[in-house]
Amino acid sequence: MSGGGCSIVWFRRDLRVEDNPALTAAVRSGAVIAVFIWAPEEEGHYNPGRVSRWWLKQSLIHLDIALKSLGTSLVTKRSSDSVSSLLEVIQSTGATQLFFNHLYDPISMVRDHRAKEVLTAHGVAVRSFNADLLYEPWEVNDEEGRSFTTFSGFWDRCLSMPYDPESPLLPPKRIISGDVSRCASDTIVFEDELEKGSNALLARAWTPGWSNADKALTTFLNGPLIEYSKNRRKVDTATTSFLSPHLHFGEVSVRKVFNLARIKQVLWTNEGNKAGEESVNLFLKSIGLREYSRYMSFNHPHSHERPLLGHLRYFPWVVDEGYFKAWRQGRTGYPLVDAGMRELWATGWLHDRIRVVVSSFFVKVLQLPWRWGMKYFWDTLLDADLESDALGWQYITGTIPDGREFDRVDNLQFEGYKFDPNGEYVRRWLPELIRLPTEWIHHPWNAPESVLQAAGIELGSNYPLPIVEIDAAKARLQLALSQMWQHEAASRAAIENGMEEGLGDSSESTALIAFPPDTDMDMDHEPIRNNNNPTATINRRYEDQMVPSMTSSFLRVEDEETSTYVRNTADGRGEVPANVNVNDEVRREPIGNALAEFNRRNSEDSTAESSINGRRERDGGVVPVWSPSGSNYSGDENGMGASSSYLQRSIHSLTSY
DNA sequence: GCATTATTCCG
DNA sequence: GGAATAATG
């Protein structure tokens, strides 16, 4: 105990008492004050959507109940600045220590770094912990100590680390409560009146909170897990774990999930149950993808807004709010897509397969900017998770080295019969097609007029014709891709000629594609006009669909609407902030500073020592941070230089070693 | 031994 | 783009 002062545990997305290292450490050091700060404005574009807020509200109630049973309760604060609120809590309680668990999205890394600096300056001892991952991002490296650029490399390494993930911690037996008599909780409003009706429906299908997370885990381990492999293709039945929202809010520890699944696996392996063994591998792989999303976010803090492969910056996205609206409303004329989008809207959830279907369609058929789709997912998914969603969309868009090929357009009709062979899924979500025979359910545009009539369907009226023909979309995609490569080559050539900017003063090169004004769910369902004319004028935009990033708005570097793409420096790379120490000796924070790390990685001739090898101190001391170190951050990688070296490196690693 | 053709997997 | 699995005739 330090001088009688108590400790603050700052809860964020770790809303549990079991296997919560920050809580455990605080309890060990004496009296505890548990705090949750609601500061959505801090998160810019990515403040939680309606369904996420609905979940969070209840998750906090469950956490509070658990804390009360242990001897304290949760202090809630409404704030526009988390760090200031922490200071207030410290001042009103006399706390001398702050404990929290790591987060890896860029906003959190910046904020948490600042919290640590500010509070330390105020004489508060700050310690942070890994509660969200099997291994911290800086622990997982290849033989040369470099971070991985593909998932399979990363995950193989995770599964063969020289040491196991930490074993889950038991919940504290009892918590001594700090004095909060002069630290009143704020009432937090998580939903407005208009949202209550929609939210009421969510409660039918979902029960947030740590105890329900544990129940969901148990149910899954004892039920669907063993057939997880076999049922992968079924989108219509309860064969998934349904853990994603629980995991997002940290209601259950991923290490607990991992350990329990492994125990099952050993059991089934010993029984010679190959399918069971394989099922666990597949399930753990999806846990691994979640891990990898944090890894990617940590190593590439811009991955929620910029393609990791630089040439994708030059893809001419179709900027068409009509398409976007049709997709959101489930009125594209492709039943599998439309069913998925209606389910998402109605329930806040989609089977992973359907996420792939609707997002591929979004990017490859409609060729809308992927970040629009990601933002819509963010606003509507119960398990909205910036890191996972960024990884998912970059995978689908093919902007990471191991992503899907961009020019591969899946056959929706085929996928429909594969994932939904009897059309039950489509009929459930598209009542207008309920009488359409299975033979036509995934391609009503081919159905004979008599069949449509008998089913009460009038295409173009009560159900749309395809908004874009697949063949036209493929042709359009090829054209767009060749334009992309031309732009990329022109830009590269210009840079080699020493020009400051590859594309001269083309206004395109600084154009931004902002989020459409109404990316939230909209309630009107007016029919969308079909546009099947492939020669119709398409409004395309070059450049990545850059919008003011949440980090830049957070840092107030640039104004929302007028911010411009920062130009390359002469060597084609972004500027490295001058005052970032890449090689300083402060290796107590091995990640040190992820931005410095990021720039270092992207510096082609870097000789800096790669990130820290071997086993590190597991907790305390280490904070994943992304510190812009002042205002000169805007020049950091701007796609081109950074990403092309990323591409080169990944090719290099594929071909040379 | 049986057909036809190339490489790897589907997050 | 589609499905399982590998070399090759």
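Throughout, a chain's letter reflects where its sequence line sits, starting with A, and its residues are numbered from 1. Not measured: the values here are computed from a predicted model. All values below were derived from every heavy atom in this structure, side-chain atoms included, with hydrogens, water molecules and symmetry-related copies excluded.
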Answer with base, sugar-phosphate or nothing: what part of the nucleic acid does [X] contact at a heavy-atom distance below 4.0 Å?
{"X": "N411(A)", "value": "sugar-phosphate"}
{"X": "V356(A)", "value": "nothing"}
{"X": "R355(A)", "value": "nothing"}
{"X": "G403(A)", "value": "base"}

Notebook entry, point to check: Looking at CZ of R371(A) and CG of D389(A), how far apart are the two atoms once the value is rounded to the nearest 0.5 Å?
Noted result: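 The CG atom of D389(A) is 12.5 Å from CZ of R371(A), to the nearest 0.5 Å.
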
Next item on the list: Answer yes or no on whether R427(A) is positioned over the face of Y425(A), meaning its NZ or CZ is under 6.0 Å from the six-membered ring centre and within 45° of the axis.
Entry: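 Cation-pi check for R427(A) and Y425(A): fails.
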
Item checked: Pair listing, salt bridge (Lys or Arg N to Asp or Glu O under 4.0 Å) test, anchored in residues 147-162 of chain A, at least two apart ->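 Not a single pair qualifies under salt bridge (Lys or Arg N to Asp or Glu O under 4.0 Å).
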
Next item on the list: Under the salt bridge (Lys or Arg N to Asp or Glu O under 4.0 Å) rule, collect the residues that match up with D214(A), sequence neighbours excluded.
Entry: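 Partners of D214(A) under the salt bridge (Lys or Arg N to Asp or Glu O under 4.0 Å) test: K256(A).
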
Atom-to-atom span, [atom1] of [X] to [atom2] of [N] - whole angstrom:
{"X": "F419(A)", "N": "dG2(C)", "atom1": "CZ", "atom2": "P", "result": "13 Å"}
{"X": "D407(A)", "N": "dC10(B)", "atom1": "CG", "atom2": "P", "result": "19 Å"}
{"X": "E278(A)", "N": "dC10(B)", "atom1": "CD", "atom2": "C1'", "result": "13 Å"}
{"X": "R353(A)", "N": "dG2(C)", "atom1": "CZ", "atom2": "P", "result": "16 Å"}
{"X": "I400(A)", "N": "dC10(B)", "atom1": "CD1", "atom2": "C1'", "result": "13 Å"}
{"X": "D402(A)", "N": "dT7(B)", "atom1": "CG", "atom2": "P", "result": "21 Å"}

Next item on the list: Mind telling me whether W327(A) and F377(A) have parallel, tilted or perpendicular rings, with 30° and 60° as the class edges?
Entry: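 Ring orientation, 0 to 90° scale: parallel.
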
Margin query: Short of 4.0 Å, heavy atom to strand atom, which residues of residues 244-253 of chain A count as contacting DNA chain B?
Written below: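 Under 4.0 Å from DNA chain B: no residue of residues 244-253 of chain A.
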
Next item on the list: Only one of W155(A), Y163(A), Y292(A) passes ring pair (Phe, Tyr, Trp, His ring centres under 6.0 Å) with Y135(A); say which it is.
Entry: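 Going through W155(A), Y163(A), Y292(A) one by one, the ring pair (Phe, Tyr, Trp, His ring centres under 6.0 Å) with Y135(A) is satisfied by Y163(A) alone.
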
